[in-house]
> 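Below is the structure I would like to discuss, written out as structure tokens.
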Number of protein chains: 2
Amino acid sequence: MKGHDHSRLLNEVNSQMPKDETLAELAELFAVFGDTTRIRILWALFESEMCVCAIAELLHVTQSAVSHQLKLLRHAKLVGSRRQGKTVFYFLADDHVRSIINQGMEHISE
Amino acid sequence: MKGHDHSRLLNEVNSQMPKDETLAELAELFAVFGDTTRIRILWALFESEMCVCAIAELLHVTQSAVSHQLKLLRHAKLVGSRRQGKTVFYFLADDHVRSIINQGMEHISE
DNA sequence: TTATCATATGAGCAAATGATCATATGTTAA
DNA sequence: TTAACATATGATCATTTGCTCATATGATAA
């Protein structure tokens with residue numbers, strides 16, 4: 001046998017681990033938070049809903065870039081949108097977004 | 001002038017935004033959570049501290065891969081380590097890790 | 001209808017990322 | 001000291017990611 005024995009610990013820990021599929025989903029969710037542009041978009045929406053071009057102006061990035069990132073945020077169900085004439089307004093989907101970001105802020109401010 | 005006017009909203013939102021540097025730090029933190037291998041490592045450490053080779057065995061990944069990822073987790077201050085003889089034990093650094101992961105789990109289980 | 005504004009999206013590219021392999025470092029026992 | 005084990009790390013490579021450009025779609029007004 002190679003290395004020392006961990007079988008007892010491994011069994012114990014293994015029995016408490018969620019399915020790999022779940023953990024992959026979780027990682028995917030956090031990956032969405034893991035980009036400066038997207039974090040800045042989310043933070044902007046803390047304050048109020050905004051249309052795409054306002055977000056682009058605010059962050060000094062292309063409309064295209066914002067639109068691409070909003071697509072990701074939508075798929076992760078972190079933001080919702082409503083159309084009003086030509087413009088589309090985006091808003092935070094729910095309060096998990098705030099909670100998660102707040103926890104993150106607490107961690108880095110130490 | 002191009003597009004419609006947002007100056008009032010932009011000023012309002014802008015005044016509430018943290019520094020770009022802070023937001024970048026935040027994104028970097030979440031990026032660490034944004035990988036399946038690292039999430040699985042963190043989850044394993046929920047249960048108890050573990051040495052590198054035990055983690056590698058548990059997750060069926062190379063010792064090298066685990067070691068590289070642990071380095072990232074250490075730099076993000078998500079895990080700590082202690083040496084005991086030849087083996088190094090890793091453990092969760094604090095409870096923010098649990099809170100953040102739990103919030104994430106809540107979001108995806110809906 | 002056409003023109004214009006607002007947003008979405010596909011293609012292409014440069015940069016970042018995660019795994020592997022080989023090797024280095026650190027620790028203990030013989 | 002040497003041998004064996006445990007961990008760390010540098011180099012390399014394939015994949016992923018985020019941006020830009022060009023263009024498509026959607027909506028309104030003239």
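Only heavy atoms go into these numbers, but all of them, side chains included; no hydrogens, no water, no symmetry mates. Every chain is numbered from 1 and lettered A, B, ... according to where its sequence line falls, protein lines coming before strand lines. From a predicted model like this one, the values you see are computed outputs, not experimental measurements.
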> Starting at CG of B:L72 and ending at C1' of C:dA16, how long is that distance when rounded to a whole Å?
12 Å
> Does B:R83 put a side-chain nitrogen or oxygen below 4.0 Å from OP1 or OP2 of D:dA6?
no
> Salt bridge check, A:R82 against A:E49: does any charged N sit closer than 4.0 Å to a carboxylate O?
yes
> Using a cut-off of strictly less than 4.0 Å, decide whether B:T62 has a side-chain nitrogen or oxygen near OP1 or OP2 of C:dT20.
yes
> Grab the NE2-C1' distance between A:H6 and D:dC5 for me, whole Å please.
12 Å
> So A:T87, base contact, sugar-phosphate only, or nothing? Heavy-atom distance under 4.0 Å.
sugar-phosphate
> Is it true that, when you exclude B:E110 itself, more than 12 heavy atoms of the residues, nucleotides or ligands shown sit nearer than 6.0 Å to its CD?
yes
> Count the heavy atoms belonging to other residues, nucleotides or ligands that lie under 6.0 Å from CD of B:E28, then report whether that count exceeds 12.
no
> Find which nucleotide of DNA chain D each of A:Q63 and B:F89 is nearest to by heavy atoms, and output the residue with the more 5' nucleotide.
B:F89
> Which of these nucleotides, C:dA6, C:dT7, D:dT9, is closest to any side-chain atom of A:V52?
C:dT7
> Quick check on C:dT7: is either OP1 or OP2 less than 4.0 Å from any side-chain nitrogen or oxygen of A:K86?
no
> Would A:H68 pass as stacked on C:dT9, i.e. its ring centre under 5.5 Å from the base's six-membered ring centre and planes under 30° apart?
yes
> How long is the line joining NZ of A:K71 and P of C:dA11, in whole Å?
11 Å
> Is there a side-chain contact between B:H4 and the phosphate of C:dC5, meaning an N or O under 4.0 Å from OP1 or OP2?
no
> To the nearest angstrom, how far is A:L73 atom CG from C:dT7 atom C1'?
15 Å
> With a cut-off of less than 4.0 Å, is there a side-chain N or O of B:S64 near OP1 or OP2 of D:dA8?
no
> Take A:Q84 and A:Q69, find for each the nucleotide of DNA chain D with the closest heavy atom, and name the residue whose nucleotide sits nearer the 5' end.
A:Q69
> At less than 4.0 Å, is any side-chain N or O atom of A:Y90 found next to OP1 or OP2 of C:dA8? Yes or no.
yes
> Assess whether a salt bridge exists between B:R40 and A:D20, defined as any Lys/Arg side-chain N lying under 4.0 Å from an Asp/Glu carboxylate O.
yes
